[in-house]
Amino acid sequence: MADAGGIATVLAADERDFLLRNSGDQVKISSIEASTVALYFSASWCPPCRRFTPKLIEAYNELVSQGKNFEVVFVSGDKDQEAFDAYFAKMPWLAVPFPDSECRAKLNKRFKVRGIPHLVILNAASGEVYTEDGVELVTEHGTEAYPFTTERINELKEQEKAAKDNQTIQSVLGTPTRDYLISNKGDKVPISDLEGKYVGLCFVVNGYGPVVQFTSLLAKFYEKLKEVGEKFEVVAVSLDSDEELSNESFAGMPWLAIPQEDKMGEKLARYFELRGLPTLVLIGPDGKTLNNNVADIIDEHGQDAWEGFPFTAEKMEILAEKAKAKAELQTLESLLVTGDLDFVLGKDGAKVPVSELVGKTVLLYFSAKWCGPCRAFLPKLVNEYNKIKEKHNDFEIIFISSDRDQASYDEFFSGMPWLALPMGDERKQHLSKTFRVRGIPSLVAIGADGRTVARDAKTPLTAHGADAFPFTEERLREMEKKIDEMAKAKGWPEKLKHELHDEHELVLTRCTTYGCDGCDEMGSSWSYRCTECDFDLHPKCALGKEEEEKKSDDEAETEADPACEGGVCRKA
């Protein structure tokens, strides 16, 4: 039973010595027999909470069925009694009564809850906090983490390290009760059949665009390696929580999979330190991990990637040489012409032949109306575009849309003075893949000779504006040199203290773009920065009025040093 000095002290109130079950029954706090108690801070309006709650219910039910002395107490962050009741109805554990807002507030303050879901796990007898990272532990380790003490977590880490040191294909893919995988026809395939082969673990999520595109490419890569006689197999690792969705995505794959009911996806994601999708872990014939992710290599080199398999340093040199040779042959037409699609659209909807753009510097602008950062960046881009066009007629931008419907495309494109690919154009996927566009807005610069001069032209354009044209390495080096000379000429101190951040000294730091914590405007080139606190000030904000007067004097002497504009402090 709960010790009067332990969990009872944490959960009781002056006029309340009980908790509730979702049936409405009262449970005396003193009658709780669990040795480990978890306080679950959650709310029905919170999507991450709704995703985590089923995992916690599963772990709770499993621990209770095993006879473990474990209890959970729900501390609601819901907005009203009705929402609390509906959410709590799904939970098999106890709760602090919703009307006791004083206790709920006290618990939030005591355990410094800054976000939800939040799971604090305690020693019921003493009230000692075992961990405040319960959400992470349950997600990563499930019931294996019980009783969630530091000793148990360290033990799990040691076991995981030992498993990696002695890794085999069986230890990675099997369980104590399962030594097989399944084919897309439902056949059981012994894991032992994969011994002595290269194995790729492909993490998949049904319907997720980048994964769908990658698995389509991987299927061609897989078939090619089979054709040339490589001992290679792929195993799908589903991250879907819904078995039906997982089976749906697996049905179209020509390889094997871990049975969905084993729910090994999250465990393997942690084991291989999954950082994003798509991911293809490559395991060697000896069962040891060769590479935690070769998806980028396959994505970059496409169907030619098989020539670099299994991606040793020597093989990667071969791929690099091929890629270099291919880049040397790149032209604007090879990028933008596919069959009858040999045009882009003008503002009036007229078809502009790609041939008319040959010899110009072209920016490929990947963007969409639904994207907030894209909408914020567009005015800046229009401004700099017009400036460049005033001086250089051999320049153009092509909008490559990720909009979801024609109306959104039309509305967004109406605010652009340049050209565009048609909505839904098949060339978009090829260009996104060629330049490995992982997010928007994104700008890729193609030089007058048709070769790529910058895969990220957005950063220099944001930092230097129109002066970054034509975005070549040589031009950007010139701009960097000017910026360095500017700081020396102004005699800015290398370090200073400022009243807005008196905890640490601020250090004059070269940077691309940043948000000034003094005036909330964007800045670039130079910042007075505290890296420990992620704090930045424009030089004009850090140095104050005296520096502003000095700046005005400088502006009187030269027009080649433009002032801050377009939300980017280029003067600084």
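In this text, all values refer to a predicted model and were calculated from it rather than measured experimentally. Excluded from the calculations below are hydrogen atoms, water molecules and symmetry mates; all remaining heavy atoms, backbone and side chain alike, are included.
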- Message: Are Phe98 and Phe88 an aromatic pair, judged by ring center distance below 6.0 Å?
- Response: no
- Task: Say whether, by atom type as modelled, one donor and one acceptor occur between the side chain of Tyr528 and the main chain of Pro493 under 3.5 angstrom.
- Result: yes
- Message: Are the side chains of Val281 and Leu268 in contact, using a 4.5 Å heavy-atom criterion?
- Response: no
- Message: As a test of understanding, state which of Asn184, Leu218, Val235 forms a side-chain contact (heavy atoms from CB on, under 4.5 Å) with Trp255.
- Response: Leu218
- Message: When you measure from the side chain of Ser65 to the backbone of Glu62, do you find a donor-acceptor pair of N or O atoms at a distance under 3.5 Å?
- Response: yes
- Item | From Lys188 atom NZ to Leu256 atom CG, the distance as rounded to the nearest 0.5 Å | 14.5 Å
- Item | Nearest non-hydrogen partners of Ser402 and Trp370, listed with the distance | O-NE1, 2.9 Å
- So is Lys164 actually on top of Tyr271's ring, under 6.0 Å and inside 45° of the axis? yes
- Query: Side chain of Arg152, backbone of Glu144: donor and acceptor closer than 3.5 Å?
  - Reply: yes
- Do any N or O atoms from the side chain of Thr509 and from the backbone of Val507 form a donor-acceptor pair under 3.5 angstrom? yes
- Message: Using 0.5 Å steps for rounding, measure from the CZ atom of Phe148 to the CD1 atom of Ile153.
- Response: 7.5 Å
- Message: Looking at every non-hydrogen atom in both residues, tell me the closest pair between Ala34 and Val37 and how far apart they are.
- Response: CB-CG2, 4.3 Å
- Item | Separation between CZ of Arg114 and CZ of Phe41, rounded to the nearest 0.5 Å | 11.5 Å
- Message: The test is side-chain contact (heavy atoms from CB on, under 4.5 Å); show your working for Arg16 and Val96 and say whether it passes.
- Response: CA-CA 10 Å; Arg16 178 184 55 76; Val96 174; 4.1 Å; yes
- Query: ring-ring contact (aromatic ring centres under 6.0 Å, His included) between Phe309 and Tyr198: does it pass, once the steps are laid out?
  - Reply: CA-CA 10 Å; Phe309 186 81; Tyr198 290 98; 5.1 Å; yes
- Message: I'd like to know if the side chain of Ser527 pairs up with that of Asp536 as donor and acceptor (distance under 3.5 Å, no hydrogens or angles considered).
- Response: yes
- CE/Met253 to OG/Ser183 distance, rounded to the nearest 0.5 angstrom? 13.5 Å
- Message: Walk me through whether Leu290 and Phe311 qualify under side-chain contact (heavy atoms from CB on, under 4.5 Å).
- Response: CA-CA 9 Å; Leu290 296 178; Phe311 311 118; over 6 Å; no
- Donor-acceptor contact present, side-chain Lys458 to main-chain Ser442, <3.5 Å: no
- Query: Is there a side-chain contact between Lys433 and Gln213, using heavy atoms and a 4.5 Å cut-off?
  - Reply: no
- Would you say Leu173 and Leu201 make side-chain contact, with heavy atoms under 4.5 Å? yes
- Message: Would you say that Thr175 contacts Met264 through its side chain, given a criterion of any heavy-atom pair below 4.5 Å between the two side chains?
- Response: yes
- Item | side-chain contact (heavy atoms from CB on, under 4.5 Å) assessment of Met91 paired with Arg21 | CA-CA 9 Å; Met91 301 176 183; Arg21 291 209 177 275; over 6 Å; no
- Test item: Leu378 and Ser367 side chains (from C-beta on) under 4.5 Å apart, heavy atoms: no
- Query: Can the ring centres of Tyr87 and Phe74 be said to be less than 6.0 Å apart?
  - Reply: yes
- Answer yes or no: is there a donor N or O on one side and an acceptor on the other, between the side chain of Asn291 and the main chain of Asn293, under 3.5 Å? yes
- Message: In this structure, is the centre-to-centre distance between the rings of Tyr208 and Phe203 below 6.0 Å?
- Response: no
- Query: Do Tyr514 and His538 have their ring centres less than 6.0 Å from each other?
  - Reply: yes
- Answer whether the closest heavy-atom distance between the side chains of Ile258 and Ser238 falls below 4.5 Å. no
- Query: Has Gln429 got more than 12 heavy atoms of other residues, nucleotides or ligands less than 6.0 Å from its CD?
  - Reply: no
- Is the shortest side-chain N to carboxylate O distance from Glu195 to Lys231 below 4.0 Å? no
- Note, Asn123 side chain near Thr36 side chain (heavy atom, < 4.5 Å): no
- Kindly compute the distance separating CG (Leu39) from CG (Leu11), expressed to the nearest 0.5 Å. 5.5 Å
- Task: May I ask you to decide if Ala368's main-chain N or O and Arg404's side chain share a donor-acceptor pair within less than 3.5 Å?
- Result: no
- Item | side-chain hydrogen bond (donor to acceptor under 3.5 Å, both in side chains) partners for Asp17, two or more places apart | Lys28
- Query: Can any side-chain N or O of Asp299 pair as donor or acceptor with the backbone N or O of Ala295 at less than 3.5 Å?
  - Reply: no
- Taking side-chain hydrogen bond (donor to acceptor under 3.5 Å, both in side chains) as the test, write out the residues that go with Arg104, two or more places apart. none
- Task: Output the distance between atom CZ (Arg51) and atom CG (Leu56), rounded to the nearest 0.5 Å.
- Result: 15.0 Å
- Item | Lys/Arg-Asp/Glu bridge criterion (N-O < 4.0 Å) met for Glu58, Lys55 | no
- Message: Does the plane of the ring in Tyr60 sit parallel, tilted or perpendicular to the ring in Phe70? Use 30° and 60° as the thresholds.
- Response: tilted
- Check: Gln167 main-chain N/O paired with Ser171 side-chain donor or acceptor under 3.5 Å: no
- Message: Is it the case that over 12 heavy atoms from other parts of the model lie below 6.0 angstrom from the CG atom of Asn154?
- Response: yes
- Query: What are the two closest non-hydrogen atoms of Pro147 and Ile121, and how far apart are they?
  - Reply: O-CG2, 4.3 Å
- Message: Which residue is it: Asn206, Val205, Val204? I am looking for the one with a side-chain contact (heavy atoms from CB on, under 4.5 Å) to Leu239.
- Response: Val205
- Message: Determine whether Leu280 and Ile297 satisfy the following criterion, side-chain contact (heavy atoms from CB on, under 4.5 Å), listing intermediate values before the conclusion.
- Response: CA-CA 10 Å; Leu280 183 72; Ile297 299 173; over 6 Å; no
- Ion pair Asp100/Lys106, N-O distance below 4.0 Å: no
- Do Cys374 and Phe366 come close enough that some side-chain heavy atom pair is under 4.5 Å? no
- Task: Look at the side chain of Arg178 and the backbone N and O of Tyr180, then say whether any donor-acceptor pair between them is shorter than 3.5 Å.
- Result: yes
- Please state whether the rings of His504 and His501 are parallel, tilted or perpendicular, taking 30° and 60° as the class boundaries. tilted
- Message: Heavy-atom count check: over 12 atoms from other residues, nucleotides or ligands less than 6.0 Å from Asp14 CG?
- Response: no
- Query: Which atom pair, heavy atoms only, marks the closest approach of Arg110 to Thr9?
  - Reply: NH1-O, 4.5 Å
